[in-house]
S.K.: 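For reference, the structure I am asking about is given below.
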Amino acid sequence: MKITIVVDNEAENGLKKEWGFACLVESNEKVLFDTGASTEVLAHNAEKLGIKPQAIDKLVISHDHWDHTGGLNWALQNKELEVYILGSFSSQLKQKLSGFKVIEVKGLTEISKDIYASGPIESADKYRLYEQALLLKTANGVVIITGCAHPGLEKIIEKAKQLGNVQAIIGGFHGFDKLEALYGIELIAPCHCTVRKKEIEKMFANKVKKCKAGLTLEF
Ligand SMILES: [Zn+2]
Ligand SMILES: [Zn+2]
């Protein structure tokens with residue numbers, strides 16, 4: 001399985017950066033996870049990386065925040081696209097998806113071979129926000145991809161363990177501070193909104209992969 005970071009707060013030369021997150025998983029099918037904050041950046045980076053909207057089979061949206069849904073129109077150029085959302089998403093967003101095959105994920109669901117949507121995980125803060133993560137089953141364990149991780153990374157790790165040992169974790173970690181939950185994970189790539197990026201990089205120096213648009217990882 002190949003993972004490509006398409007949009008992030010950081011970017012390789014030639015790619016654009018913005019406050020947002022999108023990444024592509026390529027296996028039997030191509031699955032896009034989130035769409036960044038704008039069509040402009042997603043379209044620019046996707047073109048540079050040789051990714052066409054028509055080639056994407058499935059889109060999973062982690063949560064209904066602008067920095068993850070802003071590039072949606074780029075993905076929706078593909079009229080065959082299947083979109084995996086949560087029931088809690090706004091009616092505005094759902095309306096935008098009318099005419100597409102939309103699946104409301106209610107619990108851990110295999111959406112493509114060895115690729116799972118976690119289903120809604122609730123945040124413990126006052127916002128009571130629901131978010132889903134993407135979980136990949138590989139020969140060496142589970143790879144977690146998160147959007148913002150509002151519910152808390154430790155909750156997402158717990159969910160992922162239902163599929164096996166967690167091998168890697170990539171994406172936005174948000175305000176996550178229970179860093180000991182990362183012990184034993186072989187590859188850690190804090191992206192996007194990770195508040196404690198510096199601390200994580202220091203504590204897990206030999207495991208951290210610097211995240212930026214253009215980074216590819218193979219599992
Ligand atoms: Zn968010
Ligand atoms: Zn975000």
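Just follow the structure's listing: the first ligand is 1, and inside any ligand the first atom is 1. Please read these numbers as outputs of a predicted model, since none were measured by experiment. In what follows, every heavy atom counts, from backbone to side chain, and hydrogens, waters and symmetry copies are set aside.
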S.K.: For a distance under 2.8 Å, tell me if Cys193 has an N/O/S atom near the Zn ion (ligand 2).
M.R.: no
S.K.: Nearest 10° is fine: what angle sits at the Zn ion (ligand 2) between NE2 from His192 and OD2 from Asp67?
M.R.: 90°
S.K.: Could you tell me whether the Zn ion (ligand 1) has an N, O or S atom of His174 under 2.8 Å away?
M.R.: no
S.K.: Of all the N, O or S atoms in His65, which one sits nearest to the Zn ion (ligand 1)?
M.R.: ND1
S.K.: Do Asn9 and His192 meet the criterion of a side-chain donor-acceptor pair at a distance under 3.5 Å?
M.R.: yes
S.K.: Under a 4.0 Å threshold between the charged nitrogen and the carboxylate oxygen, would Lys202 count as salt-bridged to Glu199?
M.R.: no
S.K.: Is the backbone N or O of Glu131 less than 3.5 Å from a side-chain atom of Ser62, with the two atoms forming a donor-acceptor pair by type?
M.R.: no
S.K.: Please name the atom of His63, limited to N, O or S, that comes nearest to the Zn ion (ligand 1).
M.R.: NE2
S.K.: Would you find a donor on one side and an acceptor on the other, under 3.5 Å apart, between the side chain of Asn45 and the backbone of Val7?
M.R.: no
S.K.: Is it true that Lys155 and Glu122 make a salt bridge, defined as a side-chain N closer than 4.0 Å to a carboxylate O?
M.R.: no
S.K.: Answer yes or no for Cys148: is there an N/O/S atom below the 2.8 Å cut-off from the Zn ion (ligand 2)?
M.R.: yes
S.K.: Is the distance from the Zn ion (ligand 2) to some N, O or S atom of His68 under 2.8 Å?
M.R.: yes
S.K.: I'd like to know if Lys94 pairs up with Glu104 as an ion pair, taking the criterion as any Lys NZ or Arg NE/NH1/NH2 lying under 4.0 Å from an Asp or Glu carboxylate oxygen.
M.R.: yes
